[in-house]
Amino acid sequence: MTHIDIVRLQAEIDELALISENPPPVVTRVLFSDADVRARAFVKALCRDAGLSVREDAVGNLFARWEGADSQLAPAATGSHIDAIPNAGKYDGVVGVLGAIEAVRALRRRGFKPRRSIELIVFTAEEPTRFGIGCLGSRLLSGALSPEKAVALRDNEGRSLDELRVRAGLNGELASVAIKEPGRPRPVVFIELHIEQGPLLEREGLPIGIVEKIAGPSSYRIRLTGEGGHAGALLMPDRHDAGLAAAEIALAVERAALTSGSADTVGTTGVFRQEPNAVNSVPCAAMLEIDFRDTDLATRNAAWTRVEAAVREISARRGVQFEIEQINADEPAHCSPELVEAIVAVCADLGLPAKRMISRAYHDSLFMAQVCPTTMIFIPSRGGVSHRPDEYSSPEQIEKGIRVLAEILARYAG
Ligand SMILES: [Zn+2]
């Protein structure tokens, strides 16, 4: 049996958590911050120490490779991210990076010799904090984000991706990042180990989740312009209240999600602003930001079409002007059935009960699924909590996840 050195790994997780923009237990590592740059150096040193050769692409995606006997074969890849949103915890992303390094060390200890290379990918900026766009590194790798669009990205202080990456020591053309281009080396499979960030595994007392689908997020901004006026003087029949139009639209979003025919459709009006936002004034303008997700693109699109129809109807009835802007739309990912089956078999061999799951949050795997057969291994999150300093998975839970990861990597690389 593969022995996982969970004591050493936990110490490394704890040490990486101290590389943060905030004092412990808070972890904050925003892309290209001092903490992010130091954390990258920490991970690179661990990779080299584990005998991996390390290279970085132009956006800072890190590739750490255990060279297989046959260098012609595409690598079996794993990986995740080490950036963290403000006030986060120490397990999101990190389990899949440091855990993969421990998987490699464990395979070495048992004398495993890869025929196919094993590659750890540490993706740049899975979190959207700096540029407002999640999965920057894997989007560029998969070609879902063009280099031209990436170059145009600015953070909220007006600094460009180019300026910040060069300052962090990353050179080369962003156009060279995409691995989906013909002739560039794609992995044969990609498997991401990650905390669940939801309550299901803990609730059901299961150690392992195997992801079959990843919900695809889309987001929209709706601006409404009505007519304001004095809350006392402007009589009800004469009103074009932008706030009430927005309120009706928020309810239409909920209705469209509830009646889509799929329990996987979720619609959220997370931003709701109106102007002038004064107690004695009829709202003259409103702005909504809406997040809409599903595991099935056609269902999501059909539900959103109903929201758009509702926006037209509500605006016309209330005499309000509207503008709909799509902020983002990513396709859901369907994980590789063969890969999922292979991990189901690994879990059975290891005696670990496993559950097939949907990932409702998105991850770098959403984009890796566009590159090669992909899936994710989930481990339980205490209370389903994540993106908080108290997010927690126990050493025993992490250890089981790494055993599954090590074994599936060995099967593809052996
Ligand atoms: Zn994550």
Side-chain angles (χ1 to χ4, degrees), residues 9 12-13 16-17 19-20 26-31 33 35-36 39-40 43 59-62 77-101 103 120-142 144 190-202 208-211 213-217 291 293 328 330 332-333 335 357-369 374-393 397-398 401-402 405:
L9 175 64
E12 289 166 351
I13 291 173
L16 180 53
I19 306 177
S20 165
V26 175
V27 179
T28 302
R29 276 192 299 267
V30 176
L31 172 66
S33 65
D36 181 52
R40 286 163 182 271
V43 169
V59 78
N61 291 315
L62 192 85
T78 180
S80 198
H81 62 100
I82 56 164
D83 66 319
I85 64 160
N87 296 306
K90 58 183 169 184
Y91 298 96
D92 177 2
V94 168
V95 164
V97 172
L98 300 188
I101 298 173
L120 162 62
I121 310 177
V122 186
F123 297 99
T124 287
E126 194 265 350
E127 304 290 2
T129 316
R130 174 140 243 154
F131 290 113
I133 181 170
C135 299
L136 179 63
S138 52
R139 266 179 209 276
L140 276 163
L141 268 185
S142 70
F190 177 78
I191 303 142
E192 181 172 8
L193 173 65
H194 204 279
I195 59 170
E196 183 198 343
Q197 302 181 278
L200 300 181
L201 291 174
E202 182 184 66
I208 299 291
I210 306 165
V211 174
K213 292 176 187 174
I214 306 171
D291 179 296
R293 304 182 187 214
N328 181 50
D330 294 312
C335 296
M357 304 186 71
I358 288 169
S359 175
R360 300 190 184 273
Y362 68 91
H363 302 276
D364 294 304
S365 288
L366 183 68
F367 298 96
M368 288 308 287
T374 292
T375 188
M376 302 183 71
I377 301 167
F378 276 174
I379 60 166
S381 295
R382 184 178 66 190
V385 163
S386 73
H387 283 190
R388 279 176 22 190
D390 57 339
E391 81 183 6
Y392 180 75
S393 300
Q397 290 167 332
I398 296 171
I402 296 171
L405 178 66

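In this chain, numbering begins with 1 at the start of the sequence shown. Order of listing sets the numbers, starting from 1, for every ligand and every atom in it.
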Could you grab the angle centred on the Zn ion (ligand 1), going from NE2 in H194 to NE2 in H81, to 10°?
120°

Any side-chain heavy atom of R360 sitting closer than 4.5 Å to one from R293?
no

Check all N, O or S atoms of D92 and name the one closest to the Zn ion (ligand 1).
OD1

Would you indicate whether the side-chain heavy atoms of E12 and I101 approach each other to under 4.5 Å?
no

Keeping E196 on the side-chain end and L201 on the backbone end, is there a donor-acceptor pair under 3.5 Å?
yes

Is the backbone N or O of D83 less than 3.5 Å from a side-chain atom of H81, with the two atoms forming a donor-acceptor pair by type?
yes

Is any N, O or S atom of H363 under 2.8 Å away from the Zn ion (ligand 1)?
no

